[in-house]
Enquirer: 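This structure is in structure tokens; I'll ask about it shortly.
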Amino acid sequence: LLIDRVIELDGFQRAVAIKNVTINEPFFQGHWPDQPIMPGVLQLEAMAQLAGVLLLIALLFQLSKLPAMKPGDDEVFTVKGIVKEAMAYKHLVFGVLAMFFYMGAEACTAGFFIPYLKTEMGFDDQKAASYLTLYYILTAVMGMLAVVLLRYLKAHILVGIFSIGMIMLYLVCIGTHTDWNAILLACLGLFLSLMFPTIFSLAIEEVGAFTGKGSALVNFALIGGSIFPPLQGLLADKYGVRFSYVVPLFCFIMIMLYAF
């Protein structure tokens, strides 16, 4: 892959991504030794891959059955007012909490992925990065398959099943130390794939004119991605990276309870 992260999407018209390169990249050895430059053909390939991501997102939106998003007339509102109004929609409140735990779990899982492989499995940076790439590939593949699964299973049921899958993999990665742990860690990407869009959609489903404000409230839950990783870091420093994965494990137990 020649893109590491998509940082900006402007509808289906424009996208911005980042590719992190280091002086150790193999193409720098001959292009050029005294003035390293990323070859133009690779830059074009990176842009083509980003265009493919944009096309995939457009396709997923086309195939997904998202709830109607027709907010009422524009009006001045406050966070306190939104929270007060949201209490009338219990499924929205629980959806916000589920999103809070999901964002924490996702940030913890990816953020401590390479440290886990280096400290627990003895991998070097390059080998650990290859498994992280596999993790994201599995996330993308299952994300596409999930669009089909949602046609046959209710969204909350699928979230619950995938949560159980996450919990089982976390328990194995925490409680065992085998040569399979790297693969199992990468397989977490399979069950993370549909969580964000599905939880978001479930949260704002059937809230009518409150959809716009409800969406804003769900977005506040993204703060979970900045709260749980420091907690995992504290556990990693004291008990080791492997045990620290109890933090995202706890998050997915909460998501499982939300789903069922």
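In what follows, residues are counted from 1 in the order of the sequence shown.
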Enquirer: Any side-chain heavy-atom pair from F196 and M99 closer than 4.5 angstrom?
Expert: yes
Enquirer: Parallel, tilted or perpendicular: which one describes the rings of F101 and F250, with boundaries at 30° and 60°?
Expert: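 If you compare the ring of F101 with that of F250, the planes turn out perpendicular.
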Enquirer: Side chains of P248 and E106, heavy atoms from C-beta outward: is any pair under 4.5 Å?
Expert: no
Enquirer: Compile the donor-acceptor pairs under 3.5 Å between side chains in residues 136-147 and protein atoms, sequence neighbours left out, one pair per line.
Expert:
{"residue": "T139", "atom": "OG1", "partner": "Y135", "partner atom": "O", "Å": "2.8"}
{"residue": "T139", "atom": "OG1", "partner": "G189", "partner atom": "O", "Å": "3.1"}

Enquirer: Roughly how far, to the nearest 0.5 Å, is the CZ atom of F228 from the CD1 atom of I223?
Expert: 10.5 Å
Enquirer: How many angstroms lie between atom CD1 of I18 and atom CD1 of I3, to the nearest 0.5 angstrom?
Expert: 11.0 Å
Enquirer: Answer yes or no: is there a side-chain heavy-atom contact under 4.5 Å between I82 and F210?
Expert: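 Result yes, sub-4.5 Å side-chain heavy-atom pair found.
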Enquirer: Among the clusters formed by ILVMFWY side chains lying less than 4.5 Å apart, do M47 and L55 turn up in the same one?
Expert: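 In one cluster with M47: L55, no.
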Enquirer: Would you find a donor on one side and an acceptor on the other, under 3.5 Å apart, between the side chain of Q43 and the backbone of M38?
Expert: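 Between the backbone of M38 and the side chain of Q43 there is a qualifying donor-acceptor contact (under 3.5 Å).
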Enquirer: When rounded to the nearest 0.5 angstrom, what distance separates CD in Q232 from CZ in F112?
Expert: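 These two atoms lie 4.5 Å from each other.
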Enquirer: Side chain to side chain contact (heavy atoms under 4.5 Å, CB included) between L97 and Y258: does it pass, once the steps are laid out?
Expert: CA-CA 9 Å; L97 292 174; Y258 159 76; over 6 Å; no
Enquirer: Show the nearest heavy-atom pair for residues Y89 and V207, with the distance to one decimal.
Expert: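 Closest pair (atom of Y89, atom of V207, distance): OH-O, 3.6 Å.
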Enquirer: Would the number of heavy atoms belonging to other residues, nucleotides or ligands and lying under 6.0 Å from CD of E8 be above 12?
Expert: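 Enclosed: over 12 neighbouring heavy atoms sit under 6.0 Å from CD of E8.
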Enquirer: Tell me if the centroids of the rings in F100 and F94 come within less than 6.0 Å of each other.
Expert: no
Enquirer: Under 3.5 Å, side chain of Y245 to main-chain N/O of T109, donor-acceptor pair present?
Expert: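 Such a contact is found between Y245 side chain and T109 backbone.
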Enquirer: Can you measure from CG (L149) to CD1 (I157) and round to the nearest 0.5 angstrom?
Expert: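 One finds 13.5 Å between CG of L149 and CD1 of I157.
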Enquirer: Is there a side-chain contact between M87 and L92 (heavy atoms, below 4.5 Å)?
Expert: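 Sidechains of L92 and M87: no contact.
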Enquirer: For a quick test of reading the model, state the closest non-hydrogen atom pair linking P229 to S226 and the distance between them.
Expert: CD-C, 4.1 Å
Enquirer: Would a single hydrophobic cluster contain both L44 and L2, if residues Ile, Leu, Val, Met, Phe, Trp and Tyr are joined by side-chain heavy-atom contacts under 4.5 Å?
Expert: no
Enquirer: Under the 3.5 angstrom rule, does the side chain of N181 hit a backbone N or O of T178 as a donor-acceptor pair?
Expert: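 Flag set: sc N181 to bb T178 pair under 3.5 Å.
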Enquirer: Quick check against the 3.5 Å criterion: does H177 have a side-chain atom that pairs as donor or acceptor with the backbone of E120?
Expert: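 At least one qualifying donor-acceptor pair exists.
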Enquirer: How are the rings of F252 and Y170 set to each other: parallel, tilted or perpendicular (split at 30° and 60°)?
Expert: tilted
Enquirer: Considering residues, nucleotides and ligands other than D237, do more than 12 of their heavy atoms fall under 6.0 Å from its CG?
Expert: yes
Enquirer: Flag the pair N219 / F200 as yes when at least one side-chain heavy-atom distance between them is below 4.5 Å, and no otherwise.
Expert: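 Side-chain contact under 4.5 Å: yes.
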Enquirer: Do the side chains of I167 and I253 get nearer than 4.5 Å, heavy atoms only?
Expert: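 In contact.
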Enquirer: Determine the minimum heavy-atom distance between H91 and L202, stating which atoms define it.
Expert: CD2-O, 3.3 Å
Enquirer: Honestly curious: do I227 and L249 fall in one hydrophobic cluster under the side-chain, below-4.5 Å linking rule?
Expert: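 Yes, because I227 and L249 connect within a single hydrophobic cluster, where side-chain heavy atoms sit under 4.5 Å apart.
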Enquirer: Using atom types as modelled and distance alone, determine if a side-chain donor or acceptor of H156 lies under 3.5 Å from a backbone N or O of F260.
Expert: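 Absent.
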Enquirer: Give a yes or no on whether the ring-centroid distance for F123 and Y131 is below 6.0 angstrom.
Expert: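 Between Y131 and F123, which both carry aromatic rings, the centre distance is below 6.0 Å.
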Enquirer: If hydrophobic clusters are built by linking Ile, Leu, Val, Met, Phe, Trp and Tyr wherever their side-chain heavy atoms come under 4.5 Å apart, do L171 and F113 end up in the same one?
Expert: yes
Enquirer: Within the side chain of N20, is there an N or O that forms a donor-acceptor pair under 3.5 Å with the backbone of D4?
Expert: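 Absent.
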Enquirer: Is it possible for you to say whether V83 and V93 belong to one hydrophobic cluster, with membership spreading through side-chain heavy-atom contacts below 4.5 Å?
Expert: yes
Enquirer: Search all heavy atoms of I255 against all heavy atoms of A98 and return the closest pair with its distance.
Expert: CG1-O, 3.9 Å
Enquirer: To the nearest 0.5 Å, how far apart are CG in L184 and CE in M168?
Expert: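 Reported value, rounded in 0.5 Å steps: 10.5 Å.
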Enquirer: Do you know which two heavy atoms are closest between L134 and A186, and how far apart they sit?
Expert: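 Between these two residues, the closest heavy atoms are CD2-CB, 3.9 Å.
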Enquirer: Using only atom types and a distance under 3.5 Å, with no angle test, would you say the side chain of S130 pairs donor to acceptor with the backbone of K127?
Expert: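 Yes: the side chain of S130 pairs with the backbone of K127.
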Enquirer: Could you tell me which non-hydrogen atom of I199 sits nearest to which non-hydrogen atom of G95, and how far apart they are?
Expert: CG2-O, 3.7 Å
Enquirer: Measuring from atom CG of L231 to atom OG of S244, what distance do you get when rounded to the nearest 0.5 angstrom?
Expert: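 Between L231 CG and S244 OG, I get 11.0 Å after rounding to 0.5 Å.
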